[in-house]
Student: 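First, the structure itself, so that you have it in front of you.
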Amino acid sequence: MTARELDAAAITDPALRAAYTHCRQLNARHGKTYFLATRLLPADRRSAVHALYGFARWADDIVDSADPGQSVTSRAAALQQLAVQLRTGLRAGHGDQPVVHALADTARRYAIDHQHFTDFMKSMHDDLSVTDYATYEDLRRYMHGSAAVIGLQMLPVLGTVVPRAEAEPHAAALGVAFQLTNFLRDVGEDLDRGRVYLPADLLQAHGVDRQRLQWSRDTGRHDVRITHALRSFEAMTRGVYREAAPGIAMLAAVSRPCIRTAFVLYAGILDAIVADGYAVLHRRAVVPRSRRVTVALDGLVRVVRARTRYRRARRRSWGEDLPAGTEQMSVIRPPDVSREMV
């Protein structure tokens, strides 16, 4: 499918095609839920989404390197090098590093505000030294760069049926909702990295602190106070999903099934956490495969409907059938999501 996506996006340069393919592989390997949802986009828009995600994933991997020999100093140096490559690449519209090359091309094609990438890199640098957050407001400031700007980067690619400024707050909220979901799911793993993303004041309201979380992680034992704190964080996260929800209808019709699918699947992680008794300090909650299949198939039905309406509207506007070859294949051929159920 990669070649078809690249052809649909009119990406012809071999080096650029290789860069986009690299980003797609990062997305497929690390972001299975979102990769599945991306398959519901028209083919000509998928490569741009892979570029945005691939760059973010690359930076995140530098921060959270699994190599025990990687010191904070060496990770900071690698991140700084990436930041320099990013600035140069955005100015030139291309780069030597594959993820930068694809990102710079996507930013140029869709006129994405470069400030979003600057804000993202700042939050990545914060992750090297900041290990907890006193209040939710402190966490929200961090998430502006780490999550909200991802939603803002995506908007030009997805397209909107309202002025973009009207959709931006909802897109930013969706990025935050996704990250809050990850924070709740990954409490134990983040604690192993020395980080606590649950705000300290929220924990304290339930008689919990970092030491109590670490005790539960180390012993495998439960504490009702921790459960209450996690439930409170879950409720707060669902509130952010409610902030984000109206934005789906503001997107271009052909993009809505993708984002709706991601919305439902990510919210489903919260349901899985609840069903597992908030045991996130001891194991990762997973949305059942059957549920992902059901949601993806519903998204596929919505894709077919949206593309059918799109074709009819195009024909009405032209007053005749479209000439052969004027539509991208993605408009008339739905994606095969069945192979993405991993």
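The first residue in the sequence is number 1, and the count goes up from there.
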Student: Just wondering, do Thr160 and Leu155 contact through their side chains at under 4.5 Å, heavy atoms?
Tutor: yes

Student: Between His22 and Pro98, which heavy-atom pair has the shortest distance, and what is it?
Tutor: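 Minimum heavy-atom contact is CD2-CB, 3.9 Å.
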
Student: So, Tyr20 versus His101, ring centres under 6.0 angstrom or not?
Tutor: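 That pair fails the under 6.0 Å test.
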
Student: Kindly give the heavy-atom pair with the smallest separation between Val161 and Ala249, and that separation in Å.
Tutor: CG2-O, 3.7 Å

Student: Using 30° and 60° as the class boundaries, would you call the ring planes of Phe263 and Tyr241 parallel, tilted or perpendicular?
Tutor: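 Plane angle over 60°, so perpendicular.
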
Student: Does the distance from a Lys or Arg side-chain N to an Asp or Glu carboxylate O, for Glu5 and Arg24, drop under 4.0 Å?
Tutor: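 Counted as a salt bridge, because a side-chain N and a carboxylate O are separated by less than 4.0 Å.
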
Student: Quick one, Asp223 and Ser216 - any side-chain contact, counting heavy atoms below 4.5 Å?
Tutor: no

Student: Salt-bridged, Asp7 to Arg4, with N to O below 4.0 Å?
Tutor: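 Here Asp7 does not pair with Arg4 in a salt bridge, since their nearest N and O are not under 4.0 Å apart.
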
Student: Would you say the rings of His222 and His282 are close, in the sense that their centroids are separated by under 6.0 Å?
Tutor: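 For His282 and His222, the ring centres are under 6.0 Å apart.
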
Student: Hey, is Asp127 close enough to Arg75 for a salt bridge, meaning N to O under 4.0 Å?
Tutor: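 Here Asp127 does not pair with Arg75 in a salt bridge, since their nearest N and O are not under 4.0 Å apart.
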
Student: How long is the span from the NE2 atom in His125 to the CZ atom in Phe120, to the nearest 0.5 Å?
Tutor: 10.5 Å

Student: Do Arg57 and Arg29 have side chains that approach each other closer than 4.5 Å (heavy atoms only, starting at C-beta)?
Tutor: no

Student: Measure the shortest side-chain to side-chain distance between Arg141 and Tyr133 over non-hydrogen atoms and say whether it is less than 4.5 angstrom.
Tutor: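 When only atoms from C-beta onward are counted, Tyr133 and Arg141 do not touch, as no gap falls below 4.5 Å.
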
Student: Measuring only between side-chain heavy atoms, which start at C-beta, is Leu251 closer than 4.5 Å to Ile259?
Tutor: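 With C-beta onward as the side chain, the pair touches.
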
Student: Quick one: closest heavy-atom pair of Tyr278 and Val274, and the distance?
Tutor: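 Nearest pair, atom of Tyr278 first, then Val274: OH-CG2, 3.5 Å.
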
Student: Between the side chains of Asp105 and His94, is a donor N or O closer than 3.5 angstrom to an acceptor N or O?
Tutor: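 No - no donor-acceptor pair under 3.5 Å links their side chains.
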
Student: List the atom of Phe117, the atom of Ala107, and the distance in Å for their closest heavy-atom pair.
Tutor: CE1-CB, 4.0 Å

Student: Looking at Asp190 and Arg193, is any side-chain nitrogen of the basic one under 4.0 Å from a carboxylate oxygen of the acidic one?
Tutor: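 Judged by the 4.0 Å cut-off on N to carboxylate O distance, Arg193 and Asp190 do form a salt bridge.
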
Student: Check this for me: does any side-chain nitrogen of one of Arg17 and Asp13 sit under 4.0 Å from a carboxylate oxygen of the other?
Tutor: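 Answer for the salt bridge query: no.
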
Student: Is there a side-chain contact between Phe233 and Leu203 (heavy atoms, below 4.5 Å)?
Tutor: no

Student: Does a donor on one side chain and an acceptor on the other come within less than 3.5 Å for Asp126 and Ser123?
Tutor: no

Student: If I compare all heavy atoms of Gln97 with all of Gln85, which pair ends up nearest, and what's the gap?
Tutor: CG-OE1, 3.7 Å

Student: Just so I know, are the side chains of Leu213 and Ile226 near enough to count as touching, which here means a heavy-atom distance under 4.5 Å?
Tutor: yes

Student: Salt-bridge test for Arg164 and Glu168: reply yes if a basic N is under 4.0 Å from a carboxylate O, no otherwise.
Tutor: no

Student: Does a side-chain N-to-carboxylate-O contact under 4.0 Å join Arg283 and Asp276?
Tutor: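 Yes.
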
Student: Considering only heavy atoms from C-beta outward, does the side chain of Arg195 approach that of Asp64 to under 4.5 Å?
Tutor: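 With C-beta onward as the side chain, the pair touches.
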
